Amino acid sequence: MGVIRDLFALAVLGLLPSRPVQAQTTVRGVVVGSVGETPIPGARVAARRAGRTATTDDLGRFRLALGPLPDTLVITAIGWRPDTLAVGDLPAAPLRATLDRAPTVVSDLIVAADAGASLDLSVQERWVMSMEAARSVPPAVETDVYRSLALIPGVGFTSPFSARPMLRGYDAQEVATRIDGFEVLNLYHLGRVFSSFPADAAEQVSVVAAPGAAAEGGSVVGAIEIDGRSGWVDRFHAGGGLSLGSVGAYGGGGGAGLRYFGAVRTLHLKALDLLPDVSFPYHFEDLYGTAVVGPVDRPTGRVTLFASQDRVNPNQRKSLDWYNLMAGSRWRLLDRERATFEISGSAATFGERGAEVPSLHGAPTDFRNTFTHATTTAELDLLSPRSRIGLGIAVGWRQVENRVDPAAESGVIQTPTANTAVGRPEGAAWLDATHRIGRVALAAGLRADLAGSIVSLEPRLQLQWRLGRTTVLSAAAGRASRLYHLLSDARSEPDLDFFELWFVPNDTVPVARVDHATFDFQTRLARPLLLRVSAYLSRGHGIGEVRPESDQRYYAFEFVRFGRSRTWGIEAQLALRGGPDSPHSLSLSYAYARSERSWGGNWIRWAQDRRHQLRIFGQTRLGRIRLFGALDAATGMPLTPQVASVRSELPGDPLDPTSISRLGLRVYGAENSVGTSGTFRIDGGATLGFGGPTHDRFILGVSVINLLFGAVAPISDRGGGTFAVDRSGRPTTYRRLVDVPPIPTLTLRATF
Amino acid sequence: VRRLISLLAVLAPVACRTVVDVPDAPPPWPVVEGLLTADSASTVFHLIWSSPPTAFPTDSRPIAADQVALELTGPAGRVRLTPVPDSAGYFRAALAIERGARYVLAGTIGGNPIRATTVVPARFDIVLPADTLVLTEGVATLVPFDWTAEGASAFYLRGARFRTNFGANGRATSGELLVEPPATPGNVTFEVSAITREADQYLFSPQFTPRSNVEGGFGYLGGAISVRRVIRWE
């Protein structure tokens, strides 16, 4: 009854002006960087005496319920030196904590800061990665916001050149992406090798695994959140970067009432030799802009704009164009210690148009797709010393047009076709209630997603148990759902096929729903040793994918299929790091994962299922030179074996050989039933900073991917890499998709 | 550091191997291919053994006549498949094929039981093109088509191509065909067959593995109705 009474009282009291109460009070504040006073998102603010913590939002704001004063706040953030802030009396104005930059080390990805009791359980199952940390890892061609997620144990890729992040046994198409909290679609450049968000514009990237808090929606497995940078106060800052892949620049500035930041990136190639004997002109342009409105201590709003476009072989008969546009704005209309009220609105559209573009299995198609949505959201958040209530509602409109036709000159028989044009209202509502009892915080939430006549109810439960000063155990369970399907070919490499099949649920297309259970344990074993262990389990329905060519059980012209999913796995990460100023660190992560699907029959391994994955990242410094190394080893993805071949004949008179057409048919065995050897690679790199009186204005980077010429691509019955042998050494018909030699990369970054 | 280097030295060659746990090759399967065309007096079957997996199958081994004991059963009775003289791997069933009728192929190949069934399409009505097409010599021509079939899922052309996919098979029941002039002037026979789903799924899935409806082996037993038109080039 006490919990219910607390929550009820909170709902009433939260809207009233706060009053100074010595025993229980709530403070608000902001965490900013010392240079430029830019907000620091994701910083942890821990009250030493009260033993409670809060996490800053994307504009660096926090609210924290304290006990009796005085108290001391300890502020920590990845890539920043920890600091403390004394709170003597109840402050009349918002608090401000200013942090200095610190050498960012990859081991910081293990969030094992002081583990206070937090009422913000949205941080559970979240990995926050500073882009400073991402830049420290040797990149393939250049740093990328997607590919840099390889530092996170639950994220996987098919190869070092893929920017499609798969999360905990689900394909990248099931993972939502948000920029400054606003949903975007298909954030890729050509071949899905790069994301289209310029790395220079990103402050940090987070991965949030489902189920998450009730406010989390739009995905069945989790989301990738990109937080953009902000402008400095009273000082213009700028910079840029040059790599073998592109050239980019950024700049920002502003004053006490308005800070702005913008970044652009472009690439122009007269002839891109992406495939053997195929060369075409290609260019892309990316743009990110943001403005933060309001005083540094309490920003009131943010406006975000993102745009990108790609042109492949422009003005030619065979061409491919696509673009992304997003505009979003979020405003805090009520900002009190115990209550905040925010509204936001966003509109985004993704469009692509192709003529004679390689589609499934290389067959050319024409397509014209647009995916548009507009959403308005209102969120109320009420906080008391022991409880927190979050309420939200979102209404919007989604327009899906998906038209795919065989190219007229294709001469092929089977290609996917689509002719979808659907516009429908969408909505969501959610309620989260969190209550803390001693060292345990428990959150219960309910989310309802609506689209047309479809309703999906998603209960969520989260638990956080503070076992000690630096040890936290958390668990969560709940359902996640998405009311539309975005299907592309997860096995597109190395053919680089380009097509999208989009579906909205109806009588024949199910709603994707996945039930999750997660467990997370973080502790500091000793002063320099951090440990994080996570486990997860999921059961899903209505999961879709493009049907592989080996699927014999269904009519061949059904190009997609829907079925069930089940996954479970364990991720362990051990990190070694020195003090805040130490440039030395080592991170070792191991992930055991199982991901299976049922397409109406037995459970089979998911096509991208990798059971074991080991990653080691290390860095150190020798004078002005920083050295980095990475090792990535993983067991192989499964393969569907060919068990026979048949030289078939089309109907004809056998006495008239000219009337017979012969076909070579491949007959496959059980899907994904064959194991393959894994992938292995070692990367290395170094950076040299120079050119500034107080800090390095230029950073020259050299790195090499795949130093040992390891096997980095999966094995398939296609491709052009090394032929595989069986266990006794006899040759087979399978081969690596590609053989990748050591690839050097040179980058130059400048800041002013 | 030394231990780490030693570990990497061991890991690298192991991980770099490209090995597949290939299952033991199964014994060859009997492959049976037969299309029962309505109104015909007999059907020729193609019987071969499956080959080991290869990327591009180029060879097939015919099934010897003494290994085949198959019968085709339909409304007109039951007949045994007999070898076609001088054509290894081809067998004939001298049984009249009726529209809309159900047929069962059963028996053994090499002692293994084989069974397949199909129902021949009941109807195939062609509205367009007309019985005789008169086209201008030397010019590829688009010809409208309009037809309906009962019990068929696809259509297979000889002497023309579907304009939508430039292929010999398709599912459209109306549209345009592309007819190309022959190398030598004269009348040409254009034939279109409405084929059952079993034949469609087996024959016309070049990007997918074929779907078999032959129990105990592999292949298809399908049905068709074929209609011919004459194309006169002038």
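Letters go in sequence order (proteins before strands), and every chain restarts at 1. Predicted, not measured: the structure shown is a model, and the values here were computed from it.
R403(A) and N419(A) share a side-chain donor-acceptor pair at under 3.5 Å. Neither side chain, T722(A) nor R736(A), offers a donor N or O lying under 3.5 Å from an acceptor on the other. Using modelled atom types and a 3.5 Å distance limit, the side chains of Y156(B) and D200(B) yield no donor-acceptor pair.
When each of T676(A), L639(A), D726(A) is checked for heavy-atom pairs under 4.5 Å with chain B, D726(A) comes out on top.
Contact annotation for V31(B): only side-chain heavy atoms (C-beta onward) come within less than 4.5 Å of a heavy atom of chain A. Using a 4.5 Å cut-off between heavy atoms, W49(B) does not touch chain A at all. The part of T732(A) that comes within reach of chain B is its side chain, from C-beta onward, which places non-hydrogen atoms under 4.5 angstrom from that chain.
Ring planes of F124(B) and W147(B): perpendicular class, angle over 60° (limits at 30 and 60°).
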